[in-house]
Amino acid sequence: MTTSEIDLAAAILTSTGLQPTLNRPITGLQTFTFPDSPEVISAVTRFACDDLCLPAKRLLSIRGFLYRQLRAGRTK
């Protein structure tokens, strides 16, 4: 599962605890890649249906972490 949306990536990481890898193309948007696991697919589906309830403080913290990783060019 690959996404360029930081909000979706933060929701997946918060929901599943699975760390994404950051793909830095030469041109275009950077993307987050998660394993195609049932947990990730469930989180994406629930996020798309606006049915994914997560702790706001943790979600915002993880979003900030992912943003900093984008700026630095890495994850983990």
Side-chain angles (χ1 to χ4, degrees):
M1 163 58 217
T2 300
T3 184
S4 61
E5 296 181 36
I6 194 166
D7 292 329
L8 176 58
I12 294 169
L13 178 53
T14 303
S15 176
T16 65
L18 297 172
Q19 288 280 342
T21 55
L22 178 62
N23 304 309
R24 273 193 105 115
I26 294 172
T27 60
L29 294 174
Q30 297 176 17
T31 59
F32 299 96
T33 302
F34 292 89
D36 287 328
S37 68
E39 296 85 8
V40 170
I41 301 303
S42 175
V44 170
T45 303
R46 293 179 67 206
F47 181 86
C49 293
D50 202 23
D51 187 41
L52 187 62
C53 294
L54 300 167
K57 187 174 181 179
R58 176 127 174 88
L59 180 62
L60 291 175
S61 173
I62 287 177
R63 188 184 186 285
F65 164 76
L66 291 175
Y67 179 76
R68 288 188 299 278
Q69 298 308 306
L70 282 174
R71 302 255 314 159
R74 66 187 185 285
T75 56
K76 295 184 186 176

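Starting from 1, each residue takes its place in the sequence as its number. As the structure is a computational prediction, the values presented were derived from the model and not from experiment.
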Taken to the nearest 0.5 Å, the spacing of L70 CG from S4 OG works out to 10.0 Å
S61 meets the side-chain contact (heavy atoms from CB on, under 4.5 Å) criterion, sequence neighbours left out, with none
Please indicate whether D50 has more than 12 foreign heavy atoms, meaning atoms of other residues, nucleotides or ligands, lying under 6.0 Å from its CG. no
Return all side-chain donor-acceptor pairs below 3.5 angstrom for residues 6-16, not counting sequence neighbours, or 'none' if the list is empty.
residue : atom : partner : partner atom : Å
D7      : OD1  : R63     : NE           : 2.6
T14     : OG1  : A10     : O            : 2.7
T16     : OG1  : I12     : O            : 2.7
T16     : OG1  : L18     : N            : 3.1

E5: partners by side-chain hydrogen bond (donor to acceptor under 3.5 Å, both in side chains), with sequence neighbours left out: none
Would you find a donor on one side and an acceptor on the other, under 3.5 Å apart, between the side chain of R46 and the backbone of D51? yes
Could you tell me whether the side chain of L22 reaches within less than 4.5 Å of the side chain of F32, counting heavy atoms only?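 Answer yes - side chains close enough.
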Can you tell me which residue among T31, T33, T21 is in a side-chain hydrogen bond (donor to acceptor under 3.5 Å, both in side chains) with T2?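 Only match with T2 under side-chain hydrogen bond (donor to acceptor under 3.5 Å, both in side chains): T33.
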Is it true that L54 and Y67 fall in one hydrophobic cluster, defined by side-chain heavy atoms closer than 4.5 Å?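 Yes; Y67 is reachable from L54 via cluster members.
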Which atom names give the shortest non-hydrogen contact between F65 and Q19, and what distance separates them? CE2-OE1, 4.0 Å
Closest heavy-atom contact between M1 and V40?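 Reported closest heavy-atom pair: CG-CG1, 3.7 Å.
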